[in-house]
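Small disclaimer: the values here were computed from a predicted structure and weren't measured. Both ligands and their constituent atoms are indexed starting at 1 by order of listing. Just so you know, residue 1 is the first one in the sequence shown, and it goes up from there.
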Amino acid sequence: MRAIEWDGKEFKLLDQTKLPRSVEYIITDDYRVIINAIQRLAVRGAPAIGIAAAFALAFASGRIEISSRDAYVKALEQIAGEIVTARPTAVNLRWAIDRLMKRAHAMDDVSAVPSSLLDEAEKIREEDIQMCRQIGINGAALLPDSGGVITHCNTGALATGDHGTAQSVIVTAIEQGKKLRVYADETRPLLQGARLTMFELQALGIDATLITDNAAAFVMKQGKAQAVVTGADRIAANGDTANKIGTYGLAVLAKHHDIPFYIAAPSSTIDMGSPDGTAIPIEERDPKEVTHPLGTQIAPDNVNAYSPAFDVTPNELITAIITEHGVITPPFKEKLITMSTAGKVDQPV
Ligand code: MRU
């Protein structure tokens, strides 16, 4: 099941807030509806957000009245600015919008911009699918021949163009014959692990066990997990990695139990403009998502709650970063600079 579908006529977003209980789509070509879908996590996961944002800008570009090239480009820049701020942490969103704006800025005939941006959005989606496939192939060898793998949040097809990132690594390893059991953290507060990862792994017929986030330490202590693999929302230039809240805790636990901790992400998630994790903006979400999970009140009225959506795992806790270009081991800073110099990572505009 794909998060984003586009057949050249109809643009569909699978409404992930409704999963797993119901499969519903948002059919739209209105960029404001797509922004809203990104903000309320109907479409989520760093690469999928980037793809949705690219289509949003492409659709909007066709609705701008052309009085002059300058006025057109100014209007497009303003919409791009609105889309970029939909969610702050996943850099894929800004990366995708930068790609489209670069194309638009290079064009003299702005009447051709909408079809060109749509081409670019489709390209971003296709490339993401290929990158995710390659991440799986590159990372599968790192996993043991048998044992348990802990993952966090949702990093499957639903979070990307297809295949996923960390999930692609695990699924590819299993396709290669490795006997792996996945332990999926439920991922409070929005339960992407319980609702989405378990939904996808069950559909794929993978041996998967749901655990509460706070069970991960004990699962490791019991020797049930031999590796941890998660995705990323932004990888800073020194390898510090922002991902779903709780990832940092898992990395600390993995270090304590001497278990390898892997990050899997496409190069579009690497932000050479953030020197380290302190430069990564961390989204804070409505505390109600903590006090009222899935709409049910679980805390007294009017309590304070704090809801950072992401945390940053310091690079020293990361065993390796798996990208479509290969596996990077420490020291990350030097290797990321080499990748970037080789044109394998886009520089921020
Ligand atoms: O808030 P979400 O659901 O968008 O958070 C998603 C994650 O943190 C994923 O782990 C990350 O985007 C990598 S997905 C391939």
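Residue-to-ligand polar distances place Ala46 within reach of ligand 1: an N/O pair is separated by less than 3.5 Å. Looking at Thr160 next to ligand 1, no N or O pair under 3.5 Å apart turns up. The shortest N or O to N or O distance between His152 and ligand 1 is not below 3.5 Å.
Listed by number with element, the atoms of ligand 1 under 4.0 angstrom from any heavy atom of Asn154 are 9 (C), 14 (S). Near Pro47, the atoms of ligand 1 lying under 4.0 angstrom from a non-hydrogen atom of the residue are 15 (C).
Residue-level proximity to ligand 1 for Cys153 is carried by the side chain, the only part with a heavy atom below 4.0 angstrom. With a 4.0 Å cut-off on non-hydrogen atoms, Ala232 touches ligand 1 through its backbone and not its side chain. If you look at Gln192 next to ligand 1, the close heavy atoms, those under 4.0 Å, all belong to the side chain.
Both tests do not hold together for Lys255 against Phe261: distance to the six-membered ring centre under 6.0 Å, angle to the ring axis within 45°.
For His256, the NE2 atom sits in a loose shell: 12 or fewer heavy atoms of surrounding residues, nucleotides or ligands are nearer than 6.0 Å.
Of the N and O atoms on the side chains of Gln78 and Glu82, at least one donor lies less than 3.5 Å from an acceptor on the other residue. Defined by atom type and a distance below 3.5 Å, a donor-acceptor pair is missing between the side-chain atoms of Thr89 and Asp233. The closest side-chain donor-acceptor pair between Ser307 and Arg285, if any, does not fall under 3.5 angstrom. Counting only N and O atoms by type, the side chains of Asn138 and Glu324 include no donor and acceptor under 3.5 Å apart. Counted by atom type alone, Arg188 and Asn214 present zero donor-acceptor pairs between their side chains at under 3.5 Å.
Protein heavy atom in closest approach to atom 14 (S) of ligand 1: Ala159 CB, 3.6 Å. Remark: minimum distance from atom 15 (C) of ligand 1 to any protein heavy atom is reached at Thr165 OG1, 3.1 Å. Scanning the protein heavy atoms around atom 11 (C) of ligand 1, the nearest turns out to be Asp233 OD1, 3.1 Å.
Distances shorter than 4.0 angstrom do not occur between any heavy atom of Gly164 and any atom of ligand 1.
Annotation: Phe59 is not in aromatic contact with Tyr31 [ring centroid separation under 6.0 Å not met].
No salt bridge links Lys12 with Glu24; every basic N to acidic carboxylate O contact stays at or beyond 4.0 Å.
With Thr187, Ile245, Asn243 as candidates, the residue nearest to atom 10 (O) of ligand 1 on a non-hydrogen basis is Asn243. Of the listed residues (Lys244, Gln16, Arg87, Gln167), the one carrying the non-hydrogen atom nearest atom 4 (O) of ligand 1 is Arg87.
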